[in-house]
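Reminder, nothing fancy here: chain letters follow the sequence lines and each chain counts from 1. Since the model is a prediction, treat every value here as computed from it, not as a measurement. Only this structure's heavy atoms are used, side chains among them; waters, hydrogens and symmetry mates stay out.
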2 protein chains.
Amino acid sequence: MDHFLSRIEMFKRLTPAQRQHLAGLSREKRYAKGETIFREGEPAEAVCVVKEGRVHLMKFLESGQTSTTCVMTPGEPFCCLPALDRKPYPVDAVAAVDSVVVRIPTSAFHEMLQQNPSFLEDSLCLFCDRLRAVEHRSCTMHEPVERRLAQTLLELSKKFGTTIPLTKHELAEMADTTVETTIRVLSHLKKAGIVKSSRGSTTIAKPDRLKTLAQHRSTEY
Amino acid sequence: MDHFLSRIEMFKRLTPAQRQHLAGLSREKRYAKGETIFREGEPAEAVCVVKEGRVHLMKFLESGQTSTTCVMTPGEPFCCLPALDRKPYPVDAVAAVDSVVVRIPTSAFHEMLQQNPSFLEDSLCLFCDRLRAVEHRSCTMHEPVERRLAQTLLELSKKFGTTIPLTKHELAEMADTTVETTIRVLSHLKKAGIVKSSRGSTTIAKPDRLKTLAQHRSTEY
DNA sequence: ACGCCTCTATGACCCGCATCACAGAAGCAC
DNA sequence: GTGCTTCTGTGATGCGGGTCATAGAGGCGT
């Protein structure tokens, strides 16, 4: 029985029986583009895994601006944090395109953490990585937009490869800036031959140049 | 034998024998004001606990600006993260004033996590809290300075009470802004009677007003 | 006492980027 | 096809806050 979960990195260390158990308790659900999967502050009923589509984790600030903290692609679990500390969801999750999500009850996930130490250990390392990433992100927030955008693109290219299938608006929300500025910076980079841009996607042409931009401030293009 | 560690929240769930064990392996070290305890990227030899003084965790960015992510006061352990995933320190730690730090070897701490499940559970929750806090911080980074400063002050007041013994420069590094701007905003707040300010410290006079500022944008003072 | 240094404070300037306004282009519904 | 919507693109304007310059004030060492 080759269930979807068995192909997911995070669940590799579970025994087949344990995976089977989780699979039995989990439910698939389909979400239309723009639909909210859960909201920040809601009690966390389920740990979710993207099966198809794309899910964005976002924060909505009182000031009205919204910030996308993470883009989840097929195979990636999200919001395991509440499964550890039993607190509410820390972000909103929204289907960025039509998506299918596997929902594992938090309680079942939590049991599994307690039963299987190596699963716990793996999960911990994932969380640690996430903490490090967020900490880094919070510090780069005040760097100039160009650099933030470069970092965002490089980050996304780890998931999508050189062609990143996000609109300029979505990129803007990830880099915490506006659509206009994003477009302006990208057209700059396009003129310099560093990226190519088309409707709904951006491709990185010269990763090295982009990496340079992500670190140092360069005056010349 | 009432060792220092027994009075620390994080180690409450250890057995006296286990605390004794850790205490036996740990070493106290004194750091002068401004002295670096460890640097980002160094292998994490020790989990540290502040015994006296004040330790700042900071990030030094390529752009030259430095950001203080956390202020640790006596009784608080810091940088337990590397003890979980065995990766290098994620930040610099600097003694903000003359300080005494208890250093517990990472390996001993790690052993303890594996031996004592309830200790592990507690640590995890602390760690989850931190992740939530950092995630929140990373999102508020783009709010106007006034709000960031208000949040910073409120955050610090949880540790220090109404009087916060930090210089304007230190506040600035926490709110990710400059000394000048910090002083200007604070003098604003001072005129409005919300805070009082003196050399090396700032006291919150009207916490409620400050909380309002931390959330909404107010035009009138 | 004196010099030195850190901290606080205030004004002038300026630039990055958000905001607003507008418009063409591509896709989709019907 | 026509209309509607989303996405992309560009210019004008304005403001927040960083940067620079300058200076008084309080501490500390000697």
Side-chain angles (χ1 to χ4, degrees), chain A residues 32-34 61 63-68 94 96-98 140-150 152 163-191 195-203 213 217-219 221, chain B residues 32-34 56 61 63-68 94-98 140-150 152 163-191 195-203 213 217-219 221:
Chain A
K33 174 180 177 177
L61 303 182
S63 57
Q65 51 180 306
T66 86
S67 164
T68 299
V94 177
V97 297
D98 292 351
T140 56
M141 282 284 94
H142 277 156
E143 311 254 315
V145 169
E146 179 186 293
R147 202 183 304 181
R148 266 151 45 206
L149 213 47
T152 301
T163 294
I164 291 145
L166 301 190
T167 65
K168 309 295 175 276
H169 180 76
E170 289 172 317
L171 286 180
E173 284 199 341
M174 292 202 68
D176 277 298
T177 179
T178 60
V179 206
E180 295 93 326
T181 306
T182 302
I183 290 173
R184 273 186 252 267
V185 172
L186 283 182
S187 82
H188 236 175
L189 299 182
K190 185 153 51 171
K191 276 173 196 154
V195 305
K196 290 172 190 165
S197 152
S198 64
R199 188 184 175 88
S201 79
T202 303
T203 55
L213 283 182
R217 174 127 197 87
S218 116
T219 47
Y221 281 85
Chain B
K33 174 179 177 180
H56 288 194
L61 303 182
S63 57
Q65 50 181 305
T66 86
S67 165
T68 298
V94 177
V97 297
D98 291 351
T140 57
M141 282 283 96
H142 276 155
E143 311 255 315
V145 168
E146 178 187 293
R147 203 184 303 181
R148 266 151 44 206
L149 253 177
T152 301
T163 294
I164 292 144
L166 300 191
T167 66
K168 308 295 176 277
H169 180 76
E170 290 172 316
L171 287 179
E173 284 199 341
M174 293 202 67
D176 277 298
T177 179
T178 60
V179 205
E180 295 94 325
T181 307
T182 301
I183 290 173
R184 272 186 254 268
V185 172
L186 282 181
S187 82
H188 236 175
L189 299 182
K190 184 154 52 170
K191 276 173 196 152
V195 304
K196 288 171 191 165
S197 153
S198 64
R199 188 186 174 86
S201 78
T202 303
T203 55
L213 284 182
R217 173 128 196 88
S218 116
T219 47
Y221 281 82

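Regarding contacts with the backbone of C:dT6, every side-chain N or O of B:K168 stays at 4.0 angstrom or more from both OP1 and OP2.
Contact check of residues 170-182 of chain A against DNA chain C (heavy atom, cut-off under 4.0 Å) returns A:T177, A:T178, A:E180, A:T181.
Contact annotation for B:S198: backbone-only contact, meaning every heavy-atom pair under 4.0 Å involves sugar-phosphate atoms and none involves a base.
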Which protein N or O atoms sit under 3.5 Å from an N or O of nucleotides 23-28 of chain D?
none

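Axis angle across the helix from C:dA1-D:dT30 to C:dC30-D:dG1, with five pairs used at each end and values rounded to 10°: 50°.
A:T182 is not listed as a side-chain neighbour of A:H169, based on a closest heavy-atom distance of 4.5 Å or more.
Under the rule for a side chain to side chain donor-acceptor pair (under 3.5 Å), A:T163 has no partner lying at least two apart in sequence or in another chain. Under the side chain to side chain donor-acceptor pair (under 3.5 Å) criterion, A:T140 pairs with no residue, sequence neighbours left out. When the side chain to side chain contact (heavy atoms under 4.5 Å, CB included) test is applied to A:E180, the partners found at least two apart in sequence or on another chain are A:T178, A:R184.
Counting only heavy atoms from C-beta on, A:T167 has its side chain closest to D:dT8 among C:dA18, D:dT10, D:dT8.
The shortest non-hydrogen separation linking A:A175 to A:L149 is CB-CD1, 3.5 Å. Here the closest non-hydrogen pair linking B:K168 and B:S198 is NZ-O, 3.2 Å.
With hydrogens and angles left out, the side chain of A:R184 and the base of D:dG11 share a donor-acceptor pair within 3.5 Å.
A residue-by-residue look at A:E143 and B:K190 shows that B:K190 has its nearest nucleotide of DNA chain C further toward the 5' end.
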